[in-house]
S.K.: 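Quick one: structure below, then a few questions.
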Amino acid sequence: DNIEPDGSSNDVFEFKISNDHPAVELRTGPKSYTFGCLTRLLESMKPQVTDADKPKDRKPPEDMEDFLDECEKDTDFEGDWGSEDDEEERDDNDDDELNDQIQTISLLKNTLSHSLEQYTVTKEDLRASLASEEMTPKYFAHIIMNSEIRTISFYLATCDLLLGRLEKKMTNTQIDLGFVCDDADKTRLRQQQQDLTETFLKI
């Protein structure tokens, strides 16, 4: 396993929506690693903007985990929201933003699902090849494929869970969609997916 003690994977997969879009570097791990990946994926689903339209890059915080925790705390507040008309207008805007978010996540989910369909190798083939540990080109190719499928599946399952929460539907998301992993890795991925979902919904 190419996993660090904090649960992050050293494998980085460059995911490209199309030739017209820049590649997005994806990896699995705690929310400090995956939150930025998810937001960049969602941004890549939106129409491309010119360099002049792009916001200036900000220096990332030194400790992303602490930064995200603070952002989650900042969203837990109550205040005076003004008149009833103002509240209705905010409700309408919130509904529009929610619908846009659902559409974007749904589009990303479909894109990730289509990407997985391009892998013709079966889980059984991967398992047999990786278990053999014969240093053949096929063995090394299957190591890379398994890592890529694992990474895509992580974000696909996260999209599924996000949509379930946003649409208030029950979901039974399965993180294991066709790659080889042990029970410990599957449990770790599920927890990381839950943490990422909760953070995304709060910020």
S.K.: If you look only at distance, which donor and acceptor atoms sit under 3.5 Å apart when one is on a side chain in residues 138-147 and the other is two or more places apart or in another chain?
M.R.:
from: H142; atom 1: ND1; to: S129; atom 2: OG; distance (Å): 3.1
from: N146; atom 1: OD1; to: V180; atom 2: N; distance (Å): 2.7
from: N146; atom 1: ND2; to: V180; atom 2: O; distance (Å): 3.1
from: S147; atom 1: OG; to: D11; atom 2: OD2; distance (Å): 2.9

S.K.: Return the minimal non-hydrogen interatomic distance between L112 and L156, and the atom names on each side.
M.R.: CD1-N, 3.6 Å
S.K.: Can you confirm whether E14 is buried at CD, in the sense that more than 12 heavy atoms of other residues, nucleotides or ligands lie under 6.0 Å from that atom?
M.R.: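 12 or below, so no.
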S.K.: Among the clusters formed by ILVMFWY side chains lying less than 4.5 Å apart, do L189 and L130 turn up in the same one?
M.R.: yes
S.K.: Quick check for you: to the nearest 0.5 Å, what is the distance between R165 atom CZ and D160 atom CG?
M.R.: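 Reported to 0.5 Å precision, the distance equals 13.5 Å.
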S.K.: What residues, two or more places apart in sequence or in another chain, satisfy side-chain hydrogen bond (donor to acceptor under 3.5 Å, both in side chains) together with Q191?
M.R.: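 Checked Q191 against side-chain hydrogen bond (donor to acceptor under 3.5 Å, both in side chains); matches are D195.
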S.K.: Please check: side-chain N/O of S113 versus main-chain N/O of N110, any donor-acceptor pairing under 3.5 Å?
M.R.: no
S.K.: For D183, does the CG atom have more than 12 heavy-atom neighbours from other residues, nucleotides or ligands under 6.0 Å away?
M.R.: no
S.K.: Cut-off 3.5 Å, side chains only: do T122 and D125 have a donor facing an acceptor?
M.R.: yes
S.K.: With a 4.5 Å limit on heavy-atom distance, are the side chains of I149 and L126 in contact?
M.R.: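 The answer is yes; the side chains approach within 4.5 Å.
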S.K.: Could you measure the distance from the CG atom of L162 to the CD1 atom of I102? Nearest 0.5 Å is fine.
M.R.: 10.5 Å
S.K.: Are Y33 and L26 close enough, and set up right, to give a side chain to side chain contact (heavy atoms under 4.5 Å, CB included), and what steps lead you there?
M.R.: CA-CA 9 Å; Y33 294 89; L26 302 180; over 6 Å; no
S.K.: Starting at CZ of F15, measure out to OG of S44 and round the result to the nearest 0.5 Å.
M.R.: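 Rounded to the nearest 0.5 Å, the CZ-OG separation comes out at 7.5 Å.
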S.K.: Restricting to non-hydrogen atoms, name the atom on F13 and the atom on Y119 that form the minimum distance, rounded to 0.1 Å.
M.R.: CZ-OH, 3.9 Å
S.K.: Heavy-atom count check: over 12 atoms from other residues, nucleotides or ligands less than 6.0 Å from E25 CD?
M.R.: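 Atom CD in E25 is not packed in, count stays at 12 or less.
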S.K.: Do S8 and T28 have side-chain heavy atoms sitting under 4.5 Å apart?
M.R.: no
S.K.: Of all the heavy-atom pairs spanning L38 and Y155, show the shortest one and how long it is.
M.R.: N-CE2, 4.1 Å
S.K.: Verify the cluster assignment for L98 and F200: are they in a single hydrophobic cluster under the rule of side-chain heavy atoms below 4.5 Å apart?
M.R.: yes
S.K.: Would you find a donor on one side and an acceptor on the other, under 3.5 Å apart, between the side chain of T39 and the backbone of F35?
M.R.: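 Judged by distance alone, yes, a pair lies under 3.5 Å.
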S.K.: Does a side chain donor of either R27 or T34 reach within less than 3.5 Å of an acceptor in the other side chain?
M.R.: no
S.K.: Please round to the nearest 0.5 Å and tell me the distance separating atom CZ of R190 and atom CG of D185.
M.R.: 11.0 Å
S.K.: To check you understand the geometry: which heavy-atom pair defines the closest contact between Q192 and P30, and what is its length?
M.R.: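 That closest heavy-atom pairing would be NE2-N, 3.9 Å.
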S.K.: After noting the C-alpha distance and the side-chain angles of Q103 and M45, does the key distance pass the side chain to side chain contact (heavy atoms under 4.5 Å, CB included) rule?
M.R.: CA-CA 10 Å; Q103 290 180 6; M45 293 290 102; over 6 Å; no
S.K.: Roughly how far, to the nearest 0.5 Å, is CG of N2 from CG of N10?
M.R.: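 Atom-to-atom, N10:CG and N2:CG are 4.5 Å apart.
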S.K.: Where do L163 and S106 come nearest, in terms of heavy atoms and distance?
M.R.: CD2-OG, 3.5 Å
S.K.: What closest approach, in Å, do F154 and G29 show between heavy atoms, and which atom pair accounts for it?
M.R.: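 In terms of heavy atoms, the two residues are closest at CZ-O, 4.4 Å.
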S.K.: Give, for atom OG1 of T158 and atom CD of Q194, the distance between the pair rounded to the nearest 0.5 Å.
M.R.: 9.0 Å
S.K.: State, with a plain yes or no, whether a side-chain heavy atom of L107 is found less than 4.5 Å away from one of T104.
M.R.: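 Side-chain contact under 4.5 Å: no.
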